Structure formats: structure tokens, C-alpha cells
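Predicted, not measured: the structure shown is a model, and the values here were computed from it. Starting from 1, each residue takes its place in the sequence as its number.
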Amino acid sequence: MQVSERASWQNPKVLTTLLLVFVAGAFSGALSMRLGLHDRLHPGAASTSWKDPNAFKVFLDRCYRDLNLTPQQAADMKLILDDYKSYYQGVQDQLDDLRATGKSKIMQILDAKQREKFERMLAEAPK
């Protein structure tokens, strides 16, 4: 007897459902973080922003001093942190695009009065 159905995890309907659940979870997580949950979960994290070149240099100088790095270690760490900073910025740009897409979709389902109120809610949300 031959089984004509695929294993349940290979079924396109199951895979599509899992994908949609994953995307919805990622979107709601990103939106929650944007609306201020990140600041409540990680107080003080915003103070070490990699976007600030001065903060980057201060951190590198602190590592050099506090970790007693050799000049070679300091140069290697700078290269690693430069790579990380570039990667982080790329991920941040992707998150910004995701937020913009989510906001756009939300705005499409709201009427004019709701859009106005939603914009105010976003402006008041901690950043």
C-alpha cells in the first residue's frame, strides 16, 4: 500500500501556516519593541548606541585600558567591532523597513480619525 500524502510537516498548508505564524510573531515583536517594550526590558541599553561614533571610540578606549590589551589585540578588536558595527547597521536598516511596512499596512486599515490618533500614539511612545 502506497501512502500518497506527504508527511504533515511537508504539507504546503502546514508550511504556509508556520511561515505566517513566524512572520506575524516577528512583526508583533518588532512593533512591541518599537512602542517601548525594549526600553523597559533593557534599561540603559540606549546609552551605548553604536550609531554614535564617539560612543564607539569611548568603548574601544575602555576595552584597551580595562582589559589591558596589547596594541595588536586593540587593532584586532577595532576590526571586529567595525565589522559588527556595519552588520548592526544593516540589521537596523532592515528593522526600519519592517517597521515602515507594518505601519503602512496598519494605516491602510484605519480611517482618517484613527490614523491621526495612531500617529499621536506612536509619537508619545518611548523611543
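- Rounding to the nearest 0.5 Å gives a distance of 14.0 Å between CG of L98 and NZ of K103.
- Contact annotation: the side chain of I109 never approaches that of K105 to less than 4.5 Å [non-hydrogen atoms, C-beta and beyond].
- D82 CG to K78 NZ: the interatomic distance, rounded to the nearest 0.5 Å, is 4.0 Å.
- One finds the OH atom of Y64 at 8.0 Å from the OG1 atom of T70 (value rounded to the nearest 0.5 Å).
- A distance-only check finds a donor-acceptor pair linking the side chain of Q114 to the backbone of D111 [under 3.5 Å].
- Under a 3.5 Å cut-off, the side chain of S104 and the backbone N or O of A100 do not form any donor-acceptor pair.
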> Can L67 and M77 be said to form a side-chain contact (heavy atoms from CB on, under 4.5 Å), step by step?
Replying inline: CA-CA 11 Å; L67 299 175; M77 183 174 274; 4.2 Å; yes

> When you look at D96 and Q92, which way does the side-chain contact (heavy atoms from CB on, under 4.5 Å) test go after all the steps?
Replying inline: CA-CA 6 Å; D96 291 344; Q92 195 64 45; 3.8 Å; yes

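- We find the CG-CG distance between D76 and L81 to be 11.0 Å, quoted to the nearest 0.5 Å.
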> Yes or no on salt bridge (charged side-chain N to carboxylate O under 4.0 Å, His left out) for D61 and R65, after CA distance, side-chain angles and deciding distance?
Replying inline: CA-CA 6 Å; D61 289 345; R65 185 182 61 250; over 6 Å; no

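- Nearest approach of Q73 to N68, heavy atoms of both residues: OE1-O, 4.3 Å.
- Linking ILVMFWY side-chain heavy atoms closer than 4.5 Å, directly or via other members, places L122 and L110 in a single hydrophobic cluster.
- Placement of L18 and L20 in two distinct hydrophobic clusters is found when ILVMFWY residues are connected by side-chain heavy-atom separations under 4.5 Å, directly or transitively.
- In the hydrophobic cluster analysis, where Ile, Leu, Val, Met, Phe, Trp and Tyr join through side-chain heavy atoms closer than 4.5 angstrom, L79 is grouped apart from L60.
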>> Walk me through whether R115 and E119 qualify under salt bridge (charged side-chain N to carboxylate O under 4.0 Å, His left out).
In response: CA-CA 6 Å; R115 276 189 224 109; E119 286 285 357; over 6 Å; no

